[in-house]
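First the proteins, then the strands, lettered A, B, ... as listed; each starts at 1.
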Protein chains: 2
Amino acid sequence: MTDEREFLESYDPAEFAPVSVTVDVVALTIRDGQLHVLLVERGGHPFAGWRALPGGFVQDEALDAAALRELAEETGLRPGEGDLDRVHLEQLRSYGDPGRDPRMRVISVAYLAFAPSLPDPRAGGDASGAFWVPVDEVGELAFDHTTILADGLDRARSKLEYTPLATAFVGDEFTISELRAVYAAVWDEELHAGNFHRKVLSVPGFVESTGETSTRGGERGGPKARLYRAGDARLLHPALLRPAREDGIR
Amino acid sequence: MTDEREFLESYDPAEFAPVSVTVDVVALTIRDGQLHVLLVERGGHPFAGWRALPGGFVQDEALDAAALRELAEETGLRPGEGDLDRVHLEQLRSYGDPGRDPRMRVISVAYLAFAPSLPDPRAGGDASGAFWVPVDEVGELAFDHTTILADGLDRARSKLEYTPLATAFVGDEFTISELRAVYAAVWDEELHAGNFHRKVLSVPGFVESTGETSTRGGERGGPKARLYRAGDARLLHPALLRPAREDGIR
DNA sequence: CTAATAGTGTCTTTAAGACAATATTAT
DNA sequence: ATAATATTGTCTTAAAGACACTATTAG
């Protein structure tokens, strides 16, 4: 195509040092009341044997599609078969410092995925293994993935405040207590059951009642709870704000 | 380097269709009480003669540096000489749909820049001209820049709520009225002067008094106003929330 | 003088948070 | 029976918003 030739000639070849574009996914889920992230163990160099975020090269596809594909490949789950349908996926940000990959210039577009408890992953792709790791037990990761994970957690914690994101971590139908457990796990804070309950119900469109009630009470006793499903709100108003911590503000 | 050879051989060449990475900048400033965005007029194909966001190819530099460089080139301002020092720059998100550039696969990392009123730009780089345009007079833009601009405006409007970003649009020292004018321009809403005044002063670390007072009153009368400078808060707590609009929530 | 503006005061409504009470269920 | 839990009630405090008022300044 002539246009493309013109295009390629229109700028300094020095600017055209080869660049690769990858996607990396910060996939979060909650297991046993703890926030977990999906990690893979790298097979090849560099960082062989290190843990890393799942990811890979972008093919002839949209960025979102690449992220979903990588997630499916690394977990062994198939898109379109239920498991991955309920996954909420959003772009986090891009990372492109020269030198972040020792081999060549690589720009990574990071994604954030939220999922209800998923089965244990099957290894796939480049990874010699993939597994869910509690976020407070993640050590040093390959490349700049420690930074990416930290940014992803920040984003997730913040989005819980003003969006109904928490509903992405629970099943189609859930109790208010289950929802509270999501907030507690992601924020790593206790929440007052009574106030939380009233607050959630008072935000228009956050949850809607199914009219049903759970088949049994809590794990350790208590009455059966009413069931809710996600409402139609895309923003929570008023928001569910975390208590202000002095650090982070200044 | 052997690692690089291994690397390049380690994946399907089909995945290695050439990719370019660009940065595009949504640069916002306020002139005459109206929010303006910096646009360029494209010289070459495709979209010759169309308006577009300033941007260009990423060289051997960090992404942030590329954005700042492009901004400097398109405006004719020099970094490190004051004009651009007060510019707040942050990454917006990346855009990479296949086909967003008709010539080849281009991933664009978009940036958002906020600046106090800057001088009229001088043309530079590929652009046959660059200029500030009121955001409500921007027509259709080249590529997917209309979407990028919309995303940038959303981000800016939202960040005014919970960060001291508004101070990036005013000078080093400013009056509460000037700050209110920023909010009014970005949100395109009137704000109650009295309540706004009290609110701003009540948020810890948002502004701090200089002890000085402006040399003259408002444009059309009124007493001299006290001067403030930006405080040390990185987040506003409590936030300055826009009135909830029914749309946008659902 | 007139109109506009800076800054403060006051009151109402809404939301957040602490705490208590009651009924229901697992063990 | 005991302990934990779901849900609702009450009260206090913080914040938001509406409105009024005074003093000061440009024109």
From [atom1] of [X] over to [atom2] of [N], roughly how many Å is that when rounded to an integer?
X        : N      : atom1 : atom2 : answer
B/Glu190 : D/dA18 : CD    : P     : 13 Å
B/His192 : C/dG9  : NE2   : P     : 15 Å
A/Asn195 : C/dG17 : CG    : C1'   : 5 Å
A/Leu236 : C/dA15 : CG    : C1'   : 15 Å
B/Leu191 : C/dT5  : CG    : P     : 14 Å
A/His237 : C/dT14 : NE2   : C1'   : 11 Å
A/Tyr162 : C/dA16 : OH    : C1'   : 21 Å
A/Lys224 : D/dT7  : NZ    : P     : 13 Å

Quick one: OG1 on B/Thr167 to CZ on B/Phe206, what's the gap to the nearest 0.5 Å?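 Reported value, rounded in 0.5 Å steps: 6.5 Å.
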For A/Thr175, answer base if it contacts any base atom (sugar-phosphate contacts may also be present), sugar-phosphate if it contacts only those atoms, and nothing otherwise; contact means non-hydrogen atoms under 4.0 Å.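 The residue A/Thr175 makes no contact with any strand.
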Just checking B/Arg180: base, sugar-phosphate only, or nothing, at a heavy-atom cut-off of under 4.0 Å?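 Answer is sugar-phosphate: B/Arg180 comes under 4.0 Å of backbone atoms only.
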B/Tyr183 vs B/Trp187 aromatic rings, parallel, tilted or perpendicular, using cut-offs 30° and 60°?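 Rings of B/Tyr183 and B/Trp187: perpendicular, over 60°.
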When you measure from the side-chain N and O atoms of [X] to the phosphate of [N], is any distance below 4.0 Å, counting only OP1 and OP2?
X        : N     : value
A/Arg220 : D/dT5 : yes
B/His197 : C/dA6 : no
B/Ser177 : C/dT5 : no

Ion pair check, A/Asp188 and A/Arg157, cut-off under 4.0 Å: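 Between A/Arg157 and A/Asp188 there is no salt bridge, as every charged N stays at least 4.0 Å from the carboxylate O atoms.
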Any N or O donor-acceptor pair under 3.5 Å from the base of C/dG17 to the side chain of A/Arg198?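 When only heavy-atom distances are counted, A/Arg198 does not reach the base of C/dG17 through any donor-acceptor pair under 3.5 Å.
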Quick one: on DNA chain D, does B/Ala239 or B/Pro223 contact a more 5' nucleotide (nearest heavy atom)?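 Residue closer to the 5' terminus by nearest nucleotide: B/Ala239.
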Assuming nearest nucleotide by heavy-atom distance, tell me which of B/Gly194 and B/Gly221 is located more 5' along DNA chain D.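 Its nearest nucleotide being more 5', the pick is B/Gly194.
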Between A/Tyr95 and A/Asp24, is any side-chain donor less than 3.5 angstrom from a side-chain acceptor?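 Judged by distance alone, the side chains do not pair up.
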Measuring only between side-chain heavy atoms, which start at C-beta, is A/Leu235 closer than 4.5 Å to A/Thr163?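 The answer is yes, as the side chains (C-beta and beyond) meet within the 4.5 Å cut-off.
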